[in-house]
Structure formats: structure tokens, C-alpha cells
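In what follows, a single structure is set out as C-alpha cells and then discussed.
This is a predicted model, so every value here is computed, not measured.
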Amino acid sequence: MAFGILVVLLIVLVTTTAPAAQPLSSNCNSSCGDLTFVPYPFGIGEDCYFNPKFLITCNYSTKPPKAFLMESNLNVKSISLDGEMVIEHFVSRDCYNNKAERVERRMPRLWLQNYTASSTSNKFVGIGCDTRALVEGYRGEDRYATGCISSCDSLNVFNESCSGVGCCQISIPRGLQNFTIKLTSYYNHSGILDDSNPCNYAFVVKENEFNFSLESFKALENKTIEMLPMVLNWAIGNEDQVESCEAAKKRVDYACKGRYSDCVEVKDGSAGYHCRCLTGFQGNPYILDGCQDIDECKNNLTLCKPGNCLNLPGNWTCKCPKRYNNTGTGCTLNNAGYQSEKLVIFCIALEELKRATNNYDEDRVLGEGGFGKVYKGILPNNEAVAIKKSKIGDETQTAQFINEIIMLLQINHRNVVKLLGCCLETEVPLLVYKFISNGTLFHHIHNTRRTSVLAWKLRLKIATETAQALAYLHSATSTPIIHRDVKSTNILLDDNYVANVSDFGASRLIPIDKNQLTTMVQGTLGYLDPEYFHSSQLTEKSDVYSFGVVLAELLTIEQNCLFDVVDGDIVDEENVVELKQVANLAKRCLSVKGTKDPP
Ligand SMILES: *[C@@H]1O[C@H](CO)[C@@H](O)[C@H](O)[C@H]1NC(C)=O
Ligand SMILES: *[C@@H]1O[C@H](CO)[C@@H](O)[C@H](O)[C@H]1NC(C)=O
Ligand SMILES: *[C@@H]1O[C@H](CO)[C@@H](O)[C@H](O)[C@H]1NC(C)=O
Ligand SMILES: *[C@@H]1O[C@H](CO)[C@@H](O)[C@H](O)[C@H]1NC(C)=O
Ligand SMILES: *[C@@H]1O[C@H](CO)[C@@H](O)[C@H](O)[C@H]1NC(C)=O
Ligand SMILES: *[C@@H]1O[C@H](CO)[C@@H](O)[C@H](O)[C@H]1NC(C)=O
Ligand SMILES: *[C@@H]1O[C@H](CO)[C@@H](O)[C@H](O)[C@H]1NC(C)=O
Ligand SMILES: *[C@@H]1O[C@H](CO)[C@@H](O)[C@H](O)[C@H]1NC(C)=O
Ligand SMILES: *[C@@H]1O[C@H](CO)[C@@H](O)[C@H](O)[C@H]1NC(C)=O
Ligand SMILES: *[C@@H]1O[C@H](CO)[C@@H](O)[C@H](O)[C@H]1NC(C)=O
Ligand SMILES: *[C@@H]1O[C@H](CO)[C@@H](O)[C@H](O)[C@H]1NC(C)=O
Ligand SMILES: *[C@@H]1O[C@H](CO)[C@@H](O)[C@H](O)[C@H]1NC(C)=O
């Protein structure tokens, strides 16, 4: 559906920028070199951070400036408001010469009193062919050690993944603080067949930031890689004891004091709590006015459609059109809306319709179009019906079907085809109409074999009835309806040549969609008002124009020599005056700039 595409395009155009997560005040620097995002509770400089734990020290004498955690030598690479931070940390190495003597050893400790290494975002990796890699540390007061072993004759298998050959990898536990990585070998690398692996390496690294490959191994060897990123968890609160939000709220230094901010307990093993914005708000929950309302209506232009969306603090509300229920988060077609006082829709069971159409026998096809197929069916009470079946799985068609039902429910006119029932609970919606026995007006006019030539009086009657039906649609219903696809194939005739306007799939109720649908082109080329293309304005005039085309057809006029050639079969001396009048009428309908439309 063009409208759907339009909405999608608009959504792409609307930038959904979240308010930047601010520092505490404009006096505080919000970035330091590559660390471009220093949100409160973190801060650079005095009075800019929540407590000393959140101090970011920026060394401006390097180029670019470098950010460090508190007063440590831990370089901070990024900080996120959901309780994670990425720091850089040294790779541990342990190297031997070919006489099996240790020539280099570096095993830095990491003091993480106030932070913990993330168990979910990191891996512990050991690399080498004679390698025992251990991570030893504290979880609270408890000592802890784990590790992995890698042993091989030669390091020549690089598989992009740390699969166990020359590389071992394990997860680390939650809540790991103060830790050391210990690297040792069993045989001082003496058992390795070639010079492929003089060193062991080990590190805790952010997942996916180190892939085991020849390239990365070489970079470790030549010290291009000396540091790797690692994820730390941070939280507000007392590191010594787990503190519930309940207790935190009673403290004077409670961090989530903002109006739309709330406390969440930390479940990753580090003590303390986080703040977060309430649902429907976004921003920095650690700042007093940091949580800002999300304009859901602006971010999602399909919300509440076909109704209107109204943004509220933290929420939104829908204003739904008639016959739609407000579900709280959107507008859905009201079942009760399928019924009107004048017309009761029966829901006919699918099985019954299958039987009625002889299981949708191709012999029963009455017509076919972009929408799907129309079958002739015989109901158990011997009533003949036309069954319109949408194409399987085509949501646009389904939407048009529903649209058609809404239209037809408002209409009760002898010249508008009657909807008898529907079957909506199925995958493919089915519409059941009164069967109109004598085919389409198009068939009667363009019948080349001239077996059933319509007499002029009959043509005039059909034109009048069609005009009455359209006038009714435009004015007599509570909401004006534009048919949008008036053409001779959509005018059906019964045995008494009574006109029945059909096919409301493209129709629109004007007030609901006036603004939204003006750029939509529907209908059939040739019948479509050229002005509609120019102005893209959908008005009753588009139907008037299409009706003019039908009138011209009734006069059997060749398109390129307007009104000169009139069907010889229908002209006689008596009706020549009427013919001229109708021809004039058709002309007026078709005049693009015509100011006066016929009634
Ligand atoms: C803020 O950044 C500027 C350079 O961008 C620096 O000169 C200044 O000292 C910084 N202020 C603080 C409080 O760190
Ligand atoms: C870090 O945590 C310890 C307790 O484990 C506490 O004594 C110390 O003050 C904290 N340091 C900072 C800078 O908050
Ligand atoms: C900043 O970096 C420079 C160059 O690395 C170093 O000499 C200096 O000691 C650092 N300053 C601080 C305060 O750490
Ligand atoms: C290397 O990867 C391939 C393909 O994924 C696999 O078949 C093979 O077993 C792996 N080799 C080792 C030593 O893990
Ligand atoms: C971490 O190391 C520091 C410095 O050595 C020490 O004071 C602290 O007690 C250690 N933390 C734990 C939990 O062992
Ligand atoms: C490994 O080297 C160390 C000294 O570098 C030595 O004490 C130790 O005995 C050696 N071990 C083996 C198995 O060669
Ligand atoms: C590691 O591999 C993953 C998956 O293929 C990839 O997404 C990631 O960018 C790689 N990391 C590096 C540092 O190359
Ligand atoms: C180190 O090894 C890597 C990976 O093979 C390579 O890209 C880089 O140029 C090497 N650097 C030096 C200084 O040799
Ligand atoms: C917009 O809202 C609709 C209806 O609630 C929902 O189905 C759709 O996924 C939303 N689209 C986006 C981009 O959030
Ligand atoms: C938003 O409004 C709906 C309907 O009134 C309600 O059900 C929902 O709980 C509200 N959501 C929030 C976050 O307040
Ligand atoms: C719509 O609302 C009406 C009246 O409140 C209710 O009877 C009907 O079941 C609702 N329909 C749907 C589809 O929710
Ligand atoms: C239309 O009705 C007439 C009169 O009942 C009948 O003769 C004719 O065959 C019908 N034409 C079609 C196409 O059904």
C-alpha cells in the first residue's frame, strides 16, 4: 500500500535522537581525547563526579589527551550508562629462548577494588604451546583461581576461533575483583619443535575484541598488541555490603533522585545499584532532570493509525476514529463496527463457502483482478452469491478488503452491490455479495459480437442509476465516500438491467484520511481524473471524471475523436437530442478545469 510506504519513508526521515547523556553541568568537561562520552555519575574535574570512585582523570599533556580511571593507570576507552565501562589492560607475557631460559616475563596485577570484571562481556584467553594460564583474585573476601592449559608440538593452526589448539579460553566468574594473571610453562617451551612459539600470553578481553588468527598472533609477538580492552561493571553504592534499592532510597546521597528516575538492583555480582529512566523516558537517570520524555508519536508515525496519536509524559494516547476500538496502544477495528442497523453481516463459515464454490473450482470464476478472484457460489438455501477471495498472504489486499467492508457497511442503496456476509477468521478474508446475474456494463458495451446491444433508453437508465449511487456515496452517507475506481467493469447489471456499483476496495472515507491519502494514486488509468495527478487532491471530482468516462463509453465514443462517432446502433431521430445532452454532460464531467460539476 502506498500509504504504508509513505509512512516507512517518513519514519526513516524522522531522526530519533535521544537527548545526550549529559555531564553534571556545563562547567564540566564531557570528553577526554578518544573518550568522548563522560556521563554523570562520572566526571572530569572537581565537583563533576558523584563520588571519588567516579573520577575520570584526564591527562591533557598527551596528544590526544588520555582518560584514566580515578587516579589509576587504567586507560578508560568508553563508559555506558547501563553499568559498563571499557578499559585497556596489559597482555601478560612469558617468553623463553631456545635454550629454554625465561627471557621475559610480565604479569601485571589489576586492582579493581571498586569495580568488577564483567563476567558476561569478557573471556579469559591463554595462548601458547606450553602454557598454563591462571587468573587469581578475589570475589569479595574470598580468594579465587581458575585457568586453562594449552599444549601443542607446534603453533601452526589458526582457525579464527580459540578452539583449544594453541589457544584456550574460559569464562570468568561474576564479581571478580583485584586479580593477577599468572603465566607459567611446564617445560620452558623446550618441547616445541620449531621457533613458532617462544612466548605464552594471557589476558581478560572483551568478547570479540580478540580473534585468534595468524595475524593477531604475530601482532602479539611483535608487540603491536600490548593492551586489550576489557569490560568492567560499575554501580553506585557501598562496595562492602550489598545494598537494596529500598535502603539506598533512605540515604542522603541516593543517586536516582530525578523525577522520572528509578533505582534498579545490580545482579552482576558487584554490590550497589543503578539508576534508570522510567518507561517512556530516556536520558541520563543520574542527573536531576536527565530523564526526558520520549515522543512516541514522533518516533513511530504508524502508532494509533488510522487514528491520531497524542504524546503524554512517559506515554501516549490514541484518538481513534469511529468504528475503531482504542486498545490503549492503538486503534483496532471494532467487531461491533462490522454491524450497522441497516445491514447485518453474517459470518458465513469457511466450509460452507468452500462447498458453495465447489472448492473454488476455476469454472466458477466470475472475474479476476489485482485483488484476487471472484467466484460464483451457491449457498445451501440455493441462493446464488459472488464470493470475493483475496490473494493469499497479501496484506495490502487484506487491508483493502477490510476497507471495503467498512465502506459497504455504511451503504444501503439499491444501486450499490449488497454485501451479504464475510469470513474474516480465515487466513484469506472472503467477502460474500448478492450475485448480480447479468455481468458487467463493460461486457455489454464492448460486446463485439453485438449479441446484446443495449438500447439507448436502457443506457440512459444505467447512467442515471450509476449517478444516483455515486451521489448517494458522496452525500447521503454520514461520511462522504469516494469510490475512486468508477469504471464500466465495476458496474454490474442484473437481469432487469438494474445497475449495481461494485468494488469498493480502493474507496476512502474522506474525513479520516483526507490529509494522509492525498498523494496516493489508486484507480484505473484512463478513468482517473488528470487533475488528480496534477494536484494530487482526492475529491469527489475524481469520481465525477471517471463517471464521465463511463458516460462516453455508453455513447460508444472513440477516445481520440470525442463525441463525433456515436454508436450507430443506438442513434435514431427520437433520441438524438438526448444523446447530445448526455454527450455534453460527459464533456463537462471530463473537463479538467470544469468548475461546475453536474449534480
Ligand atoms: C577542560 O578541557 C580543556 C581542554 O579541552 C582543559 O584545558 C581544561 O583544563 C579542562 N578542564 C577540566 C576541569 O578538566
Ligand atoms: C573503593 O572501595 C573501598 C572499599 O572496598 C573503599 O574503601 C574506597 O573508599 C573506595 N574508593 C573510592 C575511590 O571510592
Ligand atoms: C600525563 O602524561 C605525561 C606524558 O605521558 C606524563 O609525563 C605525566 O606524568 C602525566 N600526568 C599525570 C598527571 O599523570
Ligand atoms: C578449523 O576449522 C575448520 C572449519 O571450521 C574445522 O573443520 C577444523 O576442524 C578446525 N580445525 C581445528 C584444529 O580446530
Ligand atoms: C585489593 O587490593 C587492595 C590493595 O592491595 C587491598 O587493599 C584490598 O584489600 C584488596 N581487596 C580484596 C577484596 O582483597
Ligand atoms: C625452566 O627455567 C627455569 C629458569 O629459567 C629453571 O629453573 C627450570 O628448571 C626450567 N624448567 C625446565 C622444565 O626446564
Ligand atoms: C572477531 O570476529 C568477530 C566475528 O567474526 C567480528 O565481529 C569481530 O569484529 C572480530 N574482532 C576483531 C578485533 O577482529
Ligand atoms: C606486527 O605484526 C602485524 C601482524 O602480522 C603486522 O601487521 C605489523 O606490521 C607488525 N608490526 C611490526 C612493527 O612488525
Ligand atoms: C510502531 O508501532 C506499531 C504499532 O504499535 C508497531 O507494530 C511497530 O513495530 C512500531 N514501529 C517501530 C519502528 O517502532
Ligand atoms: C500507558 O498508557 C496505557 C493505557 O492507558 C497503560 O496501560 C500503560 O500502563 C501506560 N504506560 C506507562 C508506562 O505508563
Ligand atoms: C470494542 O469495544 C466494544 C465496546 O467496548 C466491545 O464490545 C468489543 O468487543 C471491542 N472489540 C474489539 C475488537 O476489541
Ligand atoms: C442478461 O440478461 C438477458 C435477459 O435476461 C439475457 O438474455 C442475457 O443472456 C443476459 N446476459 C448475460 C451476459 O448474462
Q: Kindly write out the residues that satisfy side-chain hydrogen bond (donor to acceptor under 3.5 Å, both in side chains) with Glu362, not counting sequence neighbours, or none if the list is empty.
A: Lys373
Q: Using side chain to side chain contact (heavy atoms under 4.5 Å, CB included) as the criterion, point out the one residue from Met85, Glu84, Glu207 that pairs with Val231.
A: Glu84
Q.
For a side chain to side chain contact (heavy atoms under 4.5 Å, CB included) check, start with the C-alpha distance between Val498 and Asn415, then their side-chain angles and the critical distance, and finish with the verdict.
A. CA-CA 7 Å; Val498 173; Asn415 298 115; 3.5 Å; yes
**Q.** By side-chain hydrogen bond (donor to acceptor under 3.5 Å, both in side chains) - contacts of Glu465 (at least two apart)
**A.** Lys461
**Q.** CG on Asn233 to OG on Ser118, rounded to 0.5 Å
**A.** 4.5 Å
Q) What pair of heavy atoms forms the shortest contact from Asp293 to Asn315, and how long is it? A) OD1-N, 4.3 Å
(Q) Glu383: which residues meet the salt bridge (Lys or Arg N to Asp or Glu O under 4.0 Å) condition with it, sequence neighbours left out? (A) none
Q: Would you indicate whether the side-chain heavy atoms of Leu430 and Tyr360 approach each other to under 4.5 Å?
A: yes
Q) Closest approach of Gly377 and Thr357, non-hydrogen atoms and distance? A) CA-CG2, 4.3 Å
(Q) With a 3.5 Å distance limit and no angle check, can you tell me whether Arg364 reaches the backbone of Tyr375 through a side-chain donor-acceptor pair? (A) no
Q. Can you find a heavy atom in the side chain of Phe435 that is under 4.5 Å from one in the side chain of Leu366?
A. yes
Q. Are Cys331 and Cys320 close enough, and set up right, to give a disulfide (SG to SG under 2.5 Å), and what steps lead you there?
A. CA-CA 6 Å; Cys331 299; Cys320 297; 2.0 Å; yes
Q. How many angstroms lie between atom OG1 of Thr466 and atom CG of Asn500, to the nearest 0.5 angstrom?
A. 9.5 Å
Q | Nearest atoms (heavy-atom pairs only) where Leu81 meets Pro285 | A | CD1-CD, 4.3 Å
Q) Once you find the SG atom in Cys309 and the one in Cys304, is the distance between them below 2.5 Å? A) no
(Q) Quick check for you: to the nearest 0.5 Å, what is the distance between Gln282 atom CD and Ile294 atom CD1? (A) 4.0 Å
(Q) Apply side chain to side chain contact (heavy atoms under 4.5 Å, CB included) to residues Glu265 and Ser244 and explain how you reach the verdict. (A) CA-CA 6 Å; Glu265 267 148 43; Ser244 67; 3.6 Å; yes
Q.
Just to verify, what does Arg259 make a salt bridge (Lys or Arg N to Asp or Glu O under 4.0 Å) with, not counting sequence neighbours?
A. none
Q) Who passes side-chain hydrogen bond (donor to acceptor under 3.5 Å, both in side chains) against Glu296, sequence neighbours left out? A) none
Q: Please name the residue in the list Cys263, Cys291, Ser261, Cys245 that meets the side chain to side chain contact (heavy atoms under 4.5 Å, CB included) test with Cys275.
A: Ser261
(Q) Working to the nearest 0.5 angstrom, can you tell me the gap between Asp494 CG and Leu492 CG? (A) 9.5 Å
Q | For Lys249, all residues meeting salt bridge (Lys or Arg N to Asp or Glu O under 4.0 Å), sequence neighbours excluded | A | Asp262
**Q.** Check: Val417 main-chain N/O paired with Ser502 side-chain donor or acceptor under 3.5 Å
**A.** no
Q.
By the definition side chain to side chain contact (heavy atoms under 4.5 Å, CB included), identify the one residue from Ile436, Val550, Ile445 that meets it with Ile491.
A. Val550
Q) Quick one: does His413's side chain have a donor or acceptor within less than 3.5 Å of a partner on Leu473's backbone? A) no
Q: State the CG-OH distance between Asn438 and Tyr497, to the nearest 0.5 angstrom.
A: 5.0 Å
Q.
So, taking the atom named OH in Tyr433 and the one named CG in Leu419, what distance separates them when rounded to the nearest 0.5 Å?
A. 5.5 Å
Q: May I ask you to decide if Asp361's main-chain N or O and Asn359's side chain share a donor-acceptor pair within less than 3.5 Å?
A: no
Q: If the plane angle is over 60° it's perpendicular, under 30° parallel, otherwise tilted; pick one for Phe281 and Tyr260.
A: parallel
Q: Could you tell me whether a side-chain N or O of Asp295 sits under 3.5 Å from a main-chain N or O of Lys298, the two making a donor and an acceptor?
A: yes
Q. Checking ring pair (Phe, Tyr, Trp, His ring centres under 6.0 Å) for the pair Tyr286/Tyr40: CA distance, chi angles, key distance, verdict?
A. CA-CA 6 Å; Tyr286 298 92; Tyr40 195 73; 7.5 Å; no
